Amino acid sequence: MRLPIPWKKRRLSPFSCTNHLLFSSSNPTRLITMLSSPPPPPSSNSLASTHLQSSPQNHQLTSILDQCKTMKELKQIHSQMIRTGLIRSPLERRRLLSFCCTHQSGDMDYARLLFDEIPNPDLFDWNSMIRGHSNRHSPDAAVLVYVEMLARGFVPDDYTLPFLLKAFTRDAAVGLGDELHAHALKFGLSSNAHVRNALIRMYSTSGEIDTARELFERSSKRDAVMWNAMISGYNRSKQFVESLKLFEGMVQATVTPTPVTYILVLSACARLKDLEYGARIHGIIKESRMLPNSKLENVLIDMYAECGDMDEAWRLFEGMKVQDVISWTAVVAGFANSGEIDRARMLFDRMPERDSVSWTAMIDGYVQASRFKEALEVFRAMQFANVRPDEFTMVGVLTACAQLGALGVGEWIRVYMERNKIKIDIFVGNALIDMYSKCGSVERALEIFNLMHRRDKFTWTAIIMGLAVNGCEEEALDLFSKMLGTSVRPDEITYIGVLSACTHAGLVEEGRELFSSMINMHGIMPNVTHYGCLVDLLGRAGHLREALETINNMPMKPNSTVWGALLGACRIHRDVEMAELAAKHLLELEPENSAAYMLLSNIYAKCHKWDEVRKVRQMIMDRGIRKTPGCSLIEVNGEVHEFVAGDRSHPGSDEIYSKLEEMSKELKCAGYVPDTSEVFLDVGEEEKENAIYWHSEKLAIAFGLISSQSGVAIRVVKNLRMCFDCHSAIKFVSQVYSREIVVRDRTRFHHFRGGLCSCNDYW
DNA sequence: GTAGGGTTAG
């Protein structure tokens with residue numbers, strides 16, 4: 001007999017359907033109430049229900065439940081069970097509940113409704129509910145059920161804690177881990193291997209890897225799974241050397257590694273970029289004749305790719321029977337990281353399927369290759385492809401925004417994250433701070449900083465650095481002392497932030513003190529970059545002699561940054577003699593450094609040493625040095641526009657140039673005098689004026705004035721240091737057009753407002 | 001009658 005399936009057409013669902021055979025009410029509360037009362041008896045026969053439960057019809061219902069795939073089908077079956085009375089069988093009810101708790105498409109709200117219908121739920125039912133919440137990654141809900149279960153007098157068994165602990169995220173583990181461990185002891189479950197492994201996992205999730213290790217050490221019997229759990233814990237804590245040590249311990253203890261062991265160990269090798277160890281493991285796997293396993297193959301590909309052996313990674317990839325999205329992503333990321341970004345892109349375009357990890361890998365590839373605009377384009381394509389970005393994606397995209405100074409896109413990302421409930425974890429938070437800082441929006445950077453409840457040294461360093469380069473030096477130093485009051489220790493990068501705060505504010509004494517506190521208080525040995533900061537600090541403040549002495553007394557060989565800092569200081573203080581010395585050293589180190597020639601010739605030009613200017617220019621010609629072209633970026637309506645000096649490639653060029661002309665007139669009326677002292681060309685005054693007139697930042701600002709509403713700040717990112725003339729011209733623009741203008745140049749930010757600059761002309 | 005360890009990215 002074939003069971004008619006009328007419910008397929010009638011959409012019977014006891015909890016959610018309207019126009020229902022059984023329930024005509026559309027009020028869900030009423031439906032639930034009705035459900036809790038026994039269904040109408042099928043006949044007046046008192047034996048009817050027993051009869052029904054074993055009827056062929058019900059038998060068929062049961063077997064349909066086995067094939068059930070979706071909640072919709074489940075609800076139909078459920079309706080039918082109510083109609084036939086089968087629902088009164090505890091076994092069948094439990095099967096419905098099981099589906100909701102274990103199936104991929106299971107619905108825990110529905111599970112709860114079913115659960116509440118069970119007159120006397122037993123431990124199995126409670127475990128199912130906890131397991132269901134775990135599967136849905138809802139630790140809070142799982143804990144609530146567990147608490148309820150205890151309150152109703154149940155005692156957890158071997159299954160309860162593993163199910164519960166599996167849901168635990170870091171926060172849950174930190175908050176409740178110890179208590180649950182205590183429960184395991186109290187209820188005599190701690191010797192169970194499943195419970196122990198769950199606890200090991202939980203402790204390593206909460207960062208208490210040593211407690212996990214203690215549990216591991218105190219276990220009398222350690223099977224391969226327990227070794228794996230412990231190795232996995234070290235991987236999770238990023239202690240990859242420990243992972244490998246433990247693996248060796250496992251081999252010594254003659255426990256046979258499983259495929260999972262090798263996956264874990266190879267993953268550790270990949271992170272350590274230990275090709276030799278990884279290849280050795282590969283050899284062992286080959287010898288062991290382990291069955292082909294796609295996860296193992298993927299991690300092998302990844303290991304070779306991470307270690308830079310793309311030939312081997314590619315060979316393995318091609319040798320795979322079926323490459324899945326992870327295999328593809330591993331080779332795409334591998335090529336991107338080894339500098340073959342275009343090859344990575346070609347493969348990426350050929351991928352049969354792309355998930356958020358693949359898209360993120362491609363975005364990160366472009367970021368690493370400094371091709372930030374392409375990174376944003378890929379992100380756009382990702383949205384177009386309807387793939388949901390996650391925290392990892394956001395970090396890559398925000399980094400691209402930061403580099404481009406694309407505040408608009410960055411802001412958009414933040415709103416997007418809010419709307420799509422992408423959480424601001426510590427990585428995203430740090431990236432947001434960095435983005436806002438690099439886009440010149442310190443207020444927003446501080447806002448993010450203040451709402452982050454966990455802060456690591458990168459968080460502090462990002463905000464300190466952000467404040468330092470944006471003209472908020474006092475605040476930067478203030479936050480640095482706050483940081484010292486926390487458990488987070490500054491590192492060498494943090495010190496670069498505080499030292500540059502001192503440099504920009506001209507706080508020589510504070511800078512000197514911080515420099516020594518770095519060594520005395522935190523045991524951080526200053527590296528060549530710190531000396532560069534110190535030289536910069538002293539030099540800018542006019543202590544050129546002391547700066548030179550610092551260089552001469554450095555414990556290491558000064559690099560180009562150090563000599564560059566001195567040369568920059570000579571430019572400010574017009575010291576030709578020392579400039580020559582600094583330039584000589586700098587060019588010995590980097591004969592191709594075009595900025596050095598520029599600085600030197602600028603200094604000569606400023607001091608009217610035209611013969612010398614000519615000599616430098618000759619040198620540049622003879623040596624075939626190419627000046628890095630000045631380039632300015634400005635973002636308008638989510639699109640980044642790029643300008644180089646004298647650029648006419650922009651579609652709105654005509655308009656931009658006429659705006660520029662208008663600006664020039666207005667500025668001159670307001671008292672602006674072009675400063676051609678840094679013009680490198682040996683030409684007449686008029687041509688010199690033209691040369692600076694066309695500087696890329698001026699083009700970008702003219703474009704900004706045309707294409708944005710009045711009152712909106714104009715933000716420009718420049719790849720080189722701003723020249724004196726642009727700096728003075730922009731001050732006038734900010735006054736004449738009543739606009740806030742923010743320019744990020746190579747070394748810092750300039751916030752122009754009402755004719756003044758935040759750098760106080762000290763840069 | 002339910003379980004344990006696993007691959008990709010910041």
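None of these values were measured; they are calculated from a predicted model. Labels below follow one simple rule: chain letters A, B, ... track the order of the sequence lines, proteins then strands, and each chain is numbered from 1.
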Q: Can you find a side-chain donor-acceptor pair between A/T393 and A/T360 that sits under 3.5 Å?
A: yes
Q: The side chain of A/R201 is closest to which nucleotide in this list: B/dG5, B/dT7, B/dT2?
A: B/dG5
Q: Does A/H133 have its ring centroid less than 6.0 Å away from the ring centroid of A/F163?
A: no
Q: Listed in order of residue number, which residues of residues 230-237 of chain A have a non-hydrogen atom at under 4.0 Å from DNA chain B?
A: A/S232, A/R236
Q: Ignoring hydrogens, what is the shortest heavy-atom contact between A/L123 and A/F154? Give both atom names and the distance.
A: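 In this case the closest contact between A/L123 and A/F154 is N-CE2, 4.0 Å.
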Q: Quick one: label A/D157 by what it contacts on the DNA or RNA (base, sugar-phosphate, nothing), any heavy atom closer than 4.0 Å.
A: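 Base contact.
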Q: Among B/dT8, B/dT2, B/dG6, which nucleotide sits nearest the side chain of A/Y159?
A: B/dT2
Q: Measure NZ/A/K273 against C1'/B/dA9 and give the value in whole Å, please.
A: 12 Å
Q: Give the rounded distance in Å between these two atoms: NZ of A/K221 and P of B/dG5.
A: 19 Å
Q: Roughly how many Å is it from CG in A/N293 to P in B/dT8, rounded to a whole number?
A: 13 Å
Q: Consider the side chain of A/K166, meaning its heavy atoms from C-beta on, and name the nucleotide among B/dT8, B/dG4, B/dG10 that approaches it most closely.
A: B/dG4
Q: Would you say the side-chain atoms of A/S441 pair up with the backbone N or O of A/S437, donor to acceptor, closer than 3.5 Å?
A: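 Not at all, since once roles are kept as given, no pair shorter than 3.5 Å links the two residues.
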Q: Examine A/W328 together with A/F348 and report whether their ring centres are nearer than 6.0 Å.
A: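 No; A/F348 has its ring centre 6.0 Å or more from that of A/W328.
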Q: Could you check, using the six-membered ring where one of them is a Trp, whether A/W126 and A/Y146 have ring centers closer than 6.0 angstrom?
A: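 Ring centroids of A/W126 and A/Y146 are no less than 6.0 Å from each other.
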Q: Suppose we call two aromatic rings close when their centres sit under 6.0 Å apart. Are A/W227 and A/F247 close by that rule?
A: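 That pair fails the under 6.0 Å test.
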Q: Can you list, in residue-number order, the parts of residues 127-134 of chain A that come under 4.0 Å of DNA chain B, counting heavy atoms only?
A: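 Those residues are A/N127, A/R131.
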Q: Write down the distance between OH (A/Y203) and P (B/dG4), rounded to a whole number of angstrom.
A: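 Value for this atom pair: 20 Å.
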Q: Whole-Å distance between B/dT2 C1' and A/M149 CE?
A: 14 Å
Q: Looking at B/dA9, B/dG4, B/dG6, which one has an atom nearest to any side-chain atom of A/V225?
A: B/dG4
Q: A/D355 and A/S358: side-chain donor and acceptor closer than 3.5 Å?
A: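 Yes, side-chain donor-acceptor contact under 3.5 Å.
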Q: Just the rounded figure in Å: distance from C1' of B/dT2 to OH of A/Y146.
A: 17 Å
Q: Let's see if you can work this out: which of B/dG6, B/dT2, B/dA9 has an atom nearest to the side-chain heavy atoms of A/T360?
A: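 Closest nucleotide to the A/T360 side chain: B/dA9.
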Q: In whole angstroms, how far is the C1' atom of B/dG6 from the CG atom of A/D324?
A: 13 Å
Q: Quick check for you: among B/dG5, B/dA3, B/dG6, whose closest atom lies nearest to any side-chain atom of A/T258?
A: B/dG5
Q: If you take atom types as modelled and just measure distance, does the side chain of A/D425 reach the base of B/dG10 with a donor-acceptor pair under 3.5 Å?
A: yes
Q: Between A/R345 and A/E374, is there a side-chain N and carboxylate O pair less than 4.0 Å apart?
A: no
Q: Please classify the nucleic acid contact of A/V428 as base, sugar-phosphate, or nothing, using heavy-atom distances under 4.0 Å.
A: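 Here A/V428 touches the bases of the nucleic acid.
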Q: Heavy atom of residues 302-311 of chain A under 4.0 Å from DNA chain B: which residues?
A: A/D302, A/E306
Q: Measuring centre to centre across the rings, with the benzene-like ring taken for any Trp, is A/Y159 within less than 6.0 Å of A/H194?
A: no
Q: Does A/S267 put a side-chain nitrogen or oxygen below 4.0 Å from OP1 or OP2 of B/dG6?
A: no
Q: Expressed as a whole number of angstroms, how long is the span from A/K295:NZ to B/dG5:C1'?
A: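 Rounded to the whole Å, the gap is 11 Å.
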Q: From the options B/dA9, B/dG5, B/dG4, select the nucleotide whose nearest atom is closest to the side chain of A/A193.
A: B/dG4
Q: Give A/N192 one of three labels, base, sugar-phosphate or nothing, depending on what nucleic acid heavy atoms sit under 4.0 Å from its own.
A: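 It contacts base atoms.
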Q: In terms of side-chain geometry, is the basic nitrogen of A/E217 or A/R213 positioned less than 4.0 Å from the acidic oxygen of its partner?
A: yes
Q: Which one, B/dG4, B/dA9, B/dT7, comes nearest to the side chain of A/H194?
A: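 Nearest to the side-chain atoms of A/H194, counting from C-beta on, is B/dG4.
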Q: Heavy atoms under 4.0 Å, any strand shown: does A/Y262 hit a base, just sugar-phosphate, or nothing?
A: nothing
Q: Does A/D342 come within less than 4.0 Å of A/R371, counting only side-chain N to carboxylate O?
A: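 The answer is yes: the pair qualifies as a salt bridge.
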Q: What do you reckon, are the aromatic ring centroids of A/Y304 and A/H282 less than 6.0 Å apart?
A: yes
Q: From C-beta outward on A/V395, which listed nucleotide comes closest to its side chain: B/dA3, B/dT8, B/dG10?
A: B/dG10
Q: Between A/E117 and A/R93, is there a salt bridge with N-O shorter than 4.0 Å?
A: no
Q: So A/E297, base contact, sugar-phosphate only, or nothing? Heavy-atom distance under 4.0 Å.
A: nothing
Q: Of the candidate nucleotides B/dA9, B/dT7, B/dG4, which contains the atom at the shortest distance from the side chain of A/D223?
A: B/dG4
